[in-house]
Amino acid sequence: MSVNASAGKTPAVCAAVLQDVFGYDAFRGPQAEIVSHVSTGGDALVLMPTGGGKSLCYQVPAIVRARAGHGLTVVVSPLIALMHDQVGALLQAGVAAAFLNSSLSSEAAQALEKQVLRGELTLLYVAPERLSTARFLALLDALHQRAQLALFAIDEAHCVSQWGHDFRPEYRALELLHQRFAGVPRVALTATADEITRADIVTHLQLQAARCFVSSFDRPNIRYTIVEKKDGTQQLLRFIRERHSQPNGHEAGIVYCQSRKRVQEVAALLCEAGLQALPYHAGFDAAVRQRHQDRFLREDGLIMVATIAFGMGIDKPDVRFVAHLDMPKNIEAYYQETGRAGRDGEAANAWMAYGLQDVVNQRRMIDESPAADEFKQVQRGKLDALLSLAEASDCRRVRLLAYFGEASAPCMNCDNCLLPPALDDATESARKLLSCIYRVQQASGMAFGAGHITDILRGKRTEKVSQHGHDKLSTFGIGADLGETQWRALLRQLIAREAIQVNAAHFNTLTLAEAARAILKGQAPVWLRRASEKKAVLRSSRASKGVATAPDGQPLSLGERECLAALKVWRTEQARAHNLPAFVILHDSTLRAIAARQPQTVADLDGIAGLGQRKRAAYGTELLRVLGTARGSDDRALGEIGV
Ligand code: ADP
Ligand code: ZN
């Protein structure tokens with residue numbers, strides 16, 4: 001496998017398809033090279049983060065190759081809902097596309113097969129289990145004999161690997177493509193980057209000779225913020241209100257919680273607070289889950305409160321925030337989940353609240369899982385990496401990318417970059433904490449939990465303290481200078497650094513671990529964030545609350561914002577009429593660009609990003625009418641107030 005070997009020039013025909021069909025001026029990042037390689041018949045493995053723009057990497061080649069007489073592109077995709085929306089979007093753009101899955105009646109499926117044989121389709125989406133049926137393979141054989149198979153695109157290719165987070169045995173059947181349809185180019189795409197999964201994809205799909213395109217995994221438009229959990233849900237509410245309420249309504253977001261019970265509670269609380277929130281977890285039956293998911297995709301400004309059961313295959317581009325109310329289990333999961341924000345490339349937030357309890361819970365889940373010891377060890381290591389990200393006082397993005405093997409410079413778009421936390425040297429306090437844990441255990445022959453240890457340090461004569469005689473210890477009251485929260489912060493940090501171990505099987509008691517030695521000896525400094533800094537972060541972010549802007553970054557005027565609101569209402573009607581998500585009709589950014597340009601004729605709509613030829617022809621006049629009406633009511637209003 002060669003990695004980004006020769007840099008070829010994108011054929012003009014690819015750029016023309018991008019412009020005419022999709023209405024975009026330029027390819028993003030590595031898209032140009034990928035599209036050019038695949039259009040000219042090359043095999044490719046594409047690793048690109050969520051929102052990077054994978055779909056165009058096979059859709060543009062499919063159109064280019066179909067126009068050149070190579071026939072049909074078959075897209076293997078694991079999720080029916082996603083197929084439906086992707087095909088809907090392609091039809092909207094005027095591309096002949098269809099899907100074949102279990103949702104079709106057998107008559108409809110047969111009619112579709114005839115269409116395929118007549119060469120009427122450019123793209124056909126199928127589920128992997130359908131692809132490997134004798135009937136479908138026979139259909140493909142017939143096309144292959146006539147040299148009418150243009151391309152195989154394998155989406156979510158990590159599903160082939162049992163190391164990926166979403167192994168699907170049906171994907172193994174795709175191994176046969178290479179032998180059976182020799183000479184037909186293949187492109188496999190995934191947002192999962194880790195080494196071992198990647199190697200598995202190459203082996204199982206026999207892509208050894210394919211070119212591998214690895215994008216940067218950075219998502220520059222996502223702002224990362226991690227706060228210390230206090231009153232979790234109230235903090236969440238403040239975060240949503242401060243950063244995500246718009247004059248015309250709320251913005252779409254996802255809130256992840258650890259348990260089903262918590263999902264229910266949080267969804268109810270958000271609704272009580274006047275937000276539109278829906279719960280989602282595996283405890284609901286399939287119909288309810290489907291309904292909530294559809295509403296989230298189709299309506300504007302809904303908040304989905306969910307367990308990790310929600311998200312795979314959600315390609316809604318305008319999710320403005322992903323909030324974690326509980327800590328996920330590792331950085332891969334965190335990155336995948338936060339990656340669902342801001343796929344449209346516009347400003348979005350990834351916000352997480354975490355506390356000591358999260359650390360304890362995650363450790364316990366690992367300890368209590370039935371997995372083999374080596375596996376648990378790997379899981380612990382991964383959790384530790386996430387903990388040190390949460391505890392970090394330097395750039396979050398630099399750490400995230402470093403985890404995926406990518407070097408970068410401070411980003412100026414994370415909490416720590418925007419407001420560097422003030423740090424105090426807490427080495428002395430850390431030593432007090434460690435020696436307290438040690439002395440208590442020595443004196444009593446048993447270990448105690450975090451609450452008791454802090455009580456001793458702070459010199460609180462609780463019943464338990466007196467009962468065990470811990471007020472007689474030399475460490476009693478030596479930490480009265482720090483508050484409860486600071487001791488907890490220090491505890492978390494020392495747990496993250498493996499100086500302290502939490503014994504989940506023994507009532508979460510604390511004992512010293514390996515890294516304690518260096519700290520006790522004064523060989524490893526410990527820094528602690530000064531309390532109260534977080535408030536400042538929140539204050540500063542209030543100023544950056546989103547105001548709708550034109551493509552040049554200028555805020556829209558009041559009149560333009562009213563046009564935008566009218567366009568959104570129109571879009572909702574269209575979406576409902578076509579049974580498609582609103583973003584499939586037109587993106588937010590496209591609507592904003594239209595509102596900012598104030599076109600008078602259909603020709604004035606030329607060159608607006610996201611408005612291809614087909615959509616301009618279909619919607620141009622309508623858009624002008626909506627704008628005209630909105631402007632008219634505006635003029636009348638101005639007339640009434642005598643301007
Ligand atoms: P992925 O599958 O990698 O998560 P998508 O293919 O869904 O990403 O693309 C994410 C969003 O970016 C989509 O809304 C898509 O229309 C948009 N997009 C992709 N490529 C471009 C481009 N070259 N110019 C403008 N928008 C693009
Ligand atoms: Zn940063």
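For ligands, and for the atoms within them, numbers begin at 1 and follow the listed sequence. Source: prediction; values computed, not measured.
Near Gly53, meaning under 4.0 Å from any of its heavy atoms, are these atoms of ligand 1: 1 (P), 3 (O), 5 (P), 6 (O), 8 (O), 9 (O), 19 (C). Residue Ser55 approaches ligand 1 through these ligand atoms, each under 4.0 Å from one of its heavy atoms: 2 (O), 5 (P), 6 (O), 7 (O). Of all the atoms in ligand 1, the ones that sit under 4.0 Å from a non-hydrogen atom of Thr50 are 4 (O). In summary, the atoms of ligand 1 found under 4.0 Å from a heavy atom of Pro49, numbered by their order in the structure, are 3 (O).
Under a 4.0 angstrom heavy-atom cut-off, Arg343 registers as being in contact with ligand 1. Ligand 1 has Leu56 within reach: a non-hydrogen atom of the residue lies less than 4.0 Å from it. At a 4.0 Å cut-off, not a single heavy atom of Asp344 sits close enough to ligand 1 to count as contact. Not a single heavy atom of Gly610 lies less than 4.0 angstrom from ligand 1. Residue Ala609 places every heavy atom at 4.0 Å or more from ligand 1.
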So Asn413 and Arg223, side chain to side chain donor-acceptor pair (under 3.5 Å) or not? Walk me through it. CA-CA 5 Å; Asn413 195 24; Arg223 175 176 296 182; 2.8 Å; yes

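Taking all atoms of both residues into account, the shortest heavy-atom contact from Ile331 to Ala385 is CD1-O, 3.6 Å. Nearest approach of Phe99 to His84, heavy atoms of both residues: CE2-CA, 3.7 Å.
Taken from CZ in Arg399 to CG in Leu386, the straight-line distance is 11.5 Å, to the nearest 0.5 Å. Rounding to the nearest 0.5 Å places CD of Glu406 at 9.0 Å from OG of Ser215. Interatomic distance, Leu100 CG to Arg130 CZ, rounded to the nearest 0.5 Å: 4.0 Å.
Checked against a 3.5 angstrom limit, the closest N/O atoms of Leu18 and ligand 1 fall outside it.
Tyr354 pairs with exactly one of Lys229, His324, Glu228, Arg492 by the side chain to side chain donor-acceptor pair (under 3.5 Å) rule, that one being Arg492.
Residue nearest to atom 15 (C) of ligand 1, selected from Tyr24, Phe27, Phe22: Tyr24 (by heavy-atom distance).
A donor-acceptor contact shorter than 3.5 Å links the side chain of Arg65 to the backbone of Ala150.
When non-hydrogen atoms are compared, ligand 1 lies under 4.0 Å from the side chain of Gln31 (C-beta onward) but not from its backbone.
With the Zn ion (ligand 2) as the vertex, SG of Cys411 and SG of Cys414 span 110° to the nearest 10°.
Nearest non-hydrogen protein atom to atom 17 (C) of ligand 1 is Arg28 NH2, 3.6 Å. Scanning the protein heavy atoms around atom 13 (C) of ligand 1, the nearest turns out to be His587 CE1, 4.0 Å. Protein heavy atom nearest atom 4 (O) of ligand 1, with residue, atom name and distance: Gly51 N, 2.6 Å.
Electrostatic pairing of Arg238 and Glu242 does not count as a salt bridge here, judged by no charged N lying under 4.0 Å from a carboxylate O.
Using cut-offs of 30° and 60° for the angle between ring planes, the Tyr335 and Phe404 rings count as tilted.
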